[in-house]
Amino acid sequence: MSDGLVVEAEGHTERDRHCTNCDRGFVPQQAHRIERQETTATYTCPWCKQTVVADPPREPVERPPSIVTHSIVTDDDGRTIARLFFEGGSWLQFSETGEGWVREEMFDAEGVKIESFAADFNHDACDTPEAYCHQELVRYDTFTIAGLKIQRPHVATVLL
């Protein structure tokens, strides 16, 4: 683990993390994802998107609003809808369509769908709505605000 340089970032002084893949430095606030282990942390480098193991951040890292619950329901047509609900009342939804696709949609707290960010996945070539929901549930807590803005912009648009 690199001792690195001391860097000032958004009011925090932290040791600079060094990416061994692209040979660039970054501070924890810049990492797209941070997953803490007992004595280390795995960071996603903001430059090359590869993972780096280093000391965990000493200062708190800004995280997006938390997921408070999730649900899986079946609509009147027998199609599955899997939802993640966030602090503040917004939700992310994965739903089967009549054409065999899975649609990902983000809704604000008032229930307004963010139409321009809807994404479709071919159900035959991809996972079920439940699997997408589970995948998002597992990885969401590792996102930093910077990472959410870049990797999940339609979610960040509503939550931030």
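All figures in this text were calculated on a predicted structure; none of them were measured in a lab.
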Connected via hydrophobic side-chain network under 4.5 Å: Phe85 and Tyr132: no
Are Ile114 and Phe143 connected into the same hydrophobic cluster when the rule is that any two of I, L, V, M, F, W, Y join if their side-chain heavy atoms are below 4.5 Å apart? yes
Hey, mind stepping through Val61 and Gln29 against side-chain contact (heavy atoms from CB on, under 4.5 Å) and telling me if it holds? CA-CA 6 Å; Val61 175; Gln29 292 290 2; 3.8 Å; yes
[atom1] of [X] to [atom2] of [Y]: how many Å apart, nearest 0.5 Å?
| X | Y | atom1 | atom2 | answer |
| --- | --- | --- | --- | --- |
| Ser66 | Asp141 | OG | CG | 6.5 Å |
| Leu84 | Tyr140 | CG | OH | 9.5 Å |
| Leu159 | Ile145 | CG | CD1 | 10.0 Å |
| Phe26 | Thr44 | CZ | OG1 | 8.0 Å |
| Phe94 | Glu130 | CZ | CD | 11.5 Å |
| Asp55 | Thr39 | CG | OG1 | 8.5 Å |

Does the side chain of [Y] come within less than 4.5 Å of [X]'s, by heavy atoms?
| X | Y | answer |
| --- | --- | --- |
| Thr42 | Gln37 | yes |
| Thr144 | Arg33 | no |
| Gln93 | Glu104 | no |
| Gln50 | Cys22 | no |
| Val158 | Phe86 | no |
| Arg79 | Thr74 | no |
| Arg152 | Leu92 | yes |
| Arg83 | Cys133 | no |

Which atom names give the shortest non-hydrogen contact between [X] and [Y], and what distance separates them?
| X | Y | result |
| --- | --- | --- |
| Met106 | Trp91 | SD-O, 3.5 Å |
| Asp127 | Val102 | O-CG2, 3.7 Å |
| Ile72 | Ala82 | CG1-CB, 4.0 Å |
| Pro65 | Leu160 | CD-CD2, 4.0 Å |
| Arg36 | Pro57 | NH2-O, 3.1 Å |

Exam field: side chain [X] to backbone [Y], donor-acceptor pair closer than 3.5 Å:
| X | Y | answer |
| --- | --- | --- |
| Glu96 | Thr80 | yes |
| Gln30 | Val27 | yes |
| Asp108 | Glu110 | yes |
| Arg17 | Tyr43 | no |
| Thr97 | Trp101 | yes |

Counting only heavy atoms not in Lys149, do more than 12 sit closer than 6.0 Å to its NZ atom? no
Answer yes if the side chains of Asp23 and His18 hold a donor-acceptor pair under 3.5 Å, and no otherwise. yes
Test side-chain contact (heavy atoms from CB on, under 4.5 Å) on Ser90 and Phe107 and set out the steps. CA-CA 6 Å; Ser90 301; Phe107 293 81; over 6 Å; no
